[in-house]
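A short worksheet on the structure shown next.
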Amino acid sequence: MPQSRTEARRTIGSYWEASVPQVKLDRQLIGNALFDVAIIGAGFAGLSAALRLAQAGVSVCVLEAEHVGYGASGRNGGFCCLGGTKLDERRLIKKFGLEEARRFVAYQVAGVNLVAQRLDSWGVDADRHSNGEIYLAHRRKDFAGFQAEAAFLKENFGIKARVLSKTDLDAEGYGGPTFHGGLQVPYGFALNPMAYVQALADQVRRAGGKIFGKSPVTGMTRDNDRWQLETEHGFIRARKVVLAGNGYAREDAPKWLHGRTLPVMSSILVTRPLSEGELAAQGWTSDTMAADTRNLLHYFRLLPDRRFLFGTRGGIFENAQSLTAMYKRARSDFDEMFPAWAGIEAEHSWYGHVCLARNLTPFVGEVPGLGGVYAAMGWHGSGIAMASISGEKVAGLILGKLQPEDLPVALRRPFARFPLPSLRKLYLQGAYWWYGWQDR
């Protein structure tokens with residue numbers, strides 16, 4: 001049956017769902033409609049593109065499989081930070097050259113600034129905190145390279161990173177037996193991602209953009225000078241289309257997507273509020289966003305209401321047995337890293353999809369061979385800032401305000417297809433074993 005406006009939303013058990021008022025349920029697409037631009041996916045990228053287009057007077061709709069905030073934009077850890085690629089700065093230089101690497105890093109910084117400007121101008125209370133992000137060495141040899149890394153970042157990118165010894169960590173509230181030192185980068189901040197994405201959707205509605213919930217796109221075909229996007233109860237015809245489903249995209253809409261991205265799992269738990277005594281017992285009192293130096297990283301932060309958020313990578317399959325095992329691994333890692341909190345219960349736990357690409361960089365641009373179809377996807381686990389600015393940029397391409405060469409080269413390379421795509425999850429398991437061995 002078609003969705004009514006009062007139908008209960010699907011939930012995932014996240015802290016973010018519990019922390020904001022009931023989200024608006026946009027009506028389902030029923031029947032047929034004509035728009036200039038249709039966007040698949042109501043996350044940070046899709047909504048950012050829709051907002052820019054609607055403000056320019058373009059008729060635009062967003063087709064969302066569930067509701068705003070159901071996908072990665074409402075499931076992530078709330079790290080608005082540098083990232084969007086699995087290539088570090090040295091590999092960016094090797095692959096694209098120093099000047100293009102600098103353009104790409106500057107693009108990431110601009111994404112962080114864009115989100116901050118939006119929250120300020122819209123008056124959104126998104127529980128912002130954290131002056132940048134700190135990377136914590138989980139091995140002594142990782143810390144040994146931090147001084148050289150700080151010098152490299154300053155010389156090549158003008159980034160003034162701080163190196164913290166183990167003594168510094170303890171003094172500044174980063175207590176933990178597995179941390180041997182830190183590297184703090186002064187860009188980015190933490191926020192409540194659900195508050196942000198709901199505010200972004202409100203801005204789209206106010207600008208005249210249409211959001212359709214419970215309207216997954218099941219097929220996409222060319223119809224003369226327009227694309228036709230099929231849904232369960234109707235279809236949209238549009239001259240331009242933006243693919244913004246990221247790790248939740250269907251691979252048959254369009255078929256070009258098949259085998260070109262790799263959704264992997266990330267899980268999060270959030271504790272009950274911690275007392276000042278419990279925080280002191282662990283020695284963790286900082287509200288800075290943090291991650292360790294593992295390939296299969298952990299990311300964590302103290303929330304404004306004194307709950308602790310702890311995230312992990314590494315899940316593959318989404319059956320009950322695998323999800324239970326993923327949670328147990330995460331809980332075991334949490335207890336090892338923060339032993340004073342080993343008995344503290346987690347009031348919320350959930351998981352989501354991270355979207356990886358074979359070339360380890362996002363793609364923002366027109367899809368080869370599909371005239372009028374654009375993509376803004378592939379954030380590699382750091383999508384708040386990158387998806388927000390990339391949605392605006394892809395709208396600029398559609399409007400003719402930008403040319404492809406206005407974007408960093410790292411964003412302009414279309415996704416390559418993974419070899420033997422039907423076996424992606426199996427060789428992902430092999431990669432996880434290799435990463436686990438490297439992380440020892």
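- Donor-acceptor pairing under 3.5 Å is lacking for the side chains of Asp335 and Ser332.
- Of the candidates Phe334, Trp284, Tyr327, Phe310 forms a ring-ring contact (aromatic ring centres under 6.0 Å, His included) with just one, namely Phe334.
- In this structure Tyr374 satisfies the ring-ring contact (aromatic ring centres under 6.0 Å, His included) test with no other residue, sequence neighbours excluded.
- The shortest distance between side-chain heavy atoms of Lys393 and Leu402 falls below 4.5 Å.
- Using a cutoff of 4.0 Å between basic side-chain nitrogens and carboxylate oxygens, Arg103 and Asp406 are not scored as salt-bridged.
- Checking Thr231 against Ser215 by side-chain atom types alone, no donor-acceptor pair falls below 3.5 Å.
- With a 4.5 Å cut-off on side-chain heavy atoms, Trp341 and Leu274 count as touching.
- The pair Arg329-Asp333 does not meet the salt-bridge criterion, since no charged nitrogen lies less than 4.0 angstrom from a carboxylate oxygen.
- Side-chain atoms of Ser388 and Tyr196 form a donor-acceptor pair, as typed in the model, at a separation below 3.5 Å.
- In terms of heavy atoms, Glu392 sits closest to Ser48 at N-CB, 4.0 Å.
- Closest of all the heavy-atom pairs between Glu336 and Thr178 is O-CG2, 4.2 Å.
- Leu183 contributes atom CG, which lies 11.5 Å from atom CG of Asp142 (distance to the nearest 0.5 angstrom).
- Contact annotation: the side chain of Phe235 never approaches that of Val217 to less than 4.5 Å [non-hydrogen atoms, C-beta and beyond].
- Between Leu25 and His67, the shortest heavy-atom distance links the atoms CD2-CB, 3.9 Å.
- Leu297 approaches Tyr299 most closely through the heavy-atom pair CD1-CD2, 3.4 Å.
- For Asp225 and Arg239, the salt-bridge test passes: some basic side-chain N is under 4.0 Å from an acidic carboxylate O.
- Of the possible polar contacts, one joining the Trp227 side chain to the Gly371 backbone as a donor-acceptor pair under 3.5 Å is found.
- The closest side-chain heavy-atom distance from Met337 to His138 is not below 4.5 Å.
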Report task. Would you sort out whether Thr85 and Thr361 count as a side chain to side chain donor-acceptor pair (under 3.5 Å), showing the intermediate values? Result -> CA-CA 5 Å; Thr85 174; Thr361 51; 5.7 Å; no

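- Ion pairing between a basic and an acidic side chain is recognised when a charged N comes within 4.0 Å of a carboxylate O; Arg307 and Glu347 show such pairing.
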Query - Audit row: Gln228, Arg222, side-chain contact (heavy atoms from CB on, under 4.5 Å) steps and yes/no - result: CA-CA 6 Å; Gln228 182 164 301; Arg222 189 72 179 179; over 6 Å; no

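- Side-chain contact between Cys355 and His380: absent, with no pair of heavy atoms (C-beta onward) separated by less than 4.5 Å.
- Checked by atom type, the side-chain pair Arg417/His258 shows no donor-acceptor distance below 3.5 Å.
- Using a cut-off of 4.0 Å between Lys/Arg side-chain N and Asp/Glu carboxylate O, Asp252 and Lys255 are scored as not salt-bridged.
- A side-chain donor-acceptor contact under 3.5 Å links Tyr15 and Asp305.
- Of the charged side-chain nitrogens involved, none lies within less than 4.0 Å of a carboxylate oxygen, so that Asp26 and Lys210 do not count as a salt-bridged pair.
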Requested in this report: Check the pair Val37 / Ser59 against side-chain contact (heavy atoms from CB on, under 4.5 Å), numbers first and verdict last.
Outcome: CA-CA 7 Å; Val37 181; Ser59 68; over 6 Å; no

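- Asp292 is linked by a side-chain hydrogen bond (donor to acceptor under 3.5 Å, both in side chains) to Arg294, His298, counting only residues two or more places apart in sequence or in another chain.
- When all heavy atoms of Ala385 and Gly111 are compared, the closest pair comes out as CB-C, 3.6 Å.
- Looking at heavy atoms from C-beta onward, His353 lies out of side-chain contact with Val264 at the 4.5 angstrom threshold.
- Asp36 and Lys240 are not joined by a salt bridge, as no carboxylate oxygen comes within less than 4.0 angstrom of a charged side-chain nitrogen.
- Applying side-chain contact (heavy atoms from CB on, under 4.5 Å) to Cys80 and the options Leu119, Val115, Leu114 leaves one that passes, Val115.
- A side-chain N or O of Tyr351 and one of Glu318 form a donor-acceptor pair less than 3.5 Å apart.
- Remark: aromatic rings of Phe338 and Phe308 are close, center separation under 6.0 Å.
- The closest donor-acceptor contact from the side chain of Arg128 to the backbone of Phe189 lies at 3.5 Å or more, if one exists at all.
- Within a 6.0 Å radius of CD in Gln321, no more than 12 heavy atoms belonging to other residues, nucleotides or ligands are found.
- For the pair Val241/Leu243, a side-chain contact is recorded, criterion being any heavy-atom separation below 4.5 Å from C-beta on.
- For Asp223 and Arg226, the salt-bridge test fails: no basic side-chain N is under 4.0 Å from an acidic carboxylate O.
- A salt bridge links Glu149 to Arg90: one of the charged nitrogens lies within less than 4.0 Å of a carboxylate oxygen.
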**Report entry** Chi angles and distances behind the side-chain contact (heavy atoms from CB on, under 4.5 Å) call for His348, Leu269
**Finding:** CA-CA 6 Å; His348 301 273; Leu269 62 84; over 6 Å; no

Report task. Report the C-alpha distance between Phe157 and Ile93 in whole Å, list the side-chain angles of each, state the deciding distance to 0.1 Å, and finish with yes or no for side-chain contact (heavy atoms from CB on, under 4.5 Å). Result -> CA-CA 11 Å; Phe157 299 96; Ile93 292 173; 4.0 Å; yes

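- Considering every non-hydrogen atom in both Glu64 and Ala42, the closest pair reads OE1-N, 2.9 Å.
- Between the side chain of Glu133 and the backbone N or O of Met289, no donor-acceptor pair lies under 3.5 Å.
- By the ring-ring contact (aromatic ring centres under 6.0 Å, His included) test, Phe415 pairs with Phe363, sequence neighbours left out.
- Side chain of Ser19 to backbone of Trp16: a donor-acceptor contact under 3.5 angstrom is found.
- Residues Arg358 and Arg260 have side chains not in contact (no heavy-atom distance under 4.5 Å, counting atoms from C-beta outward).
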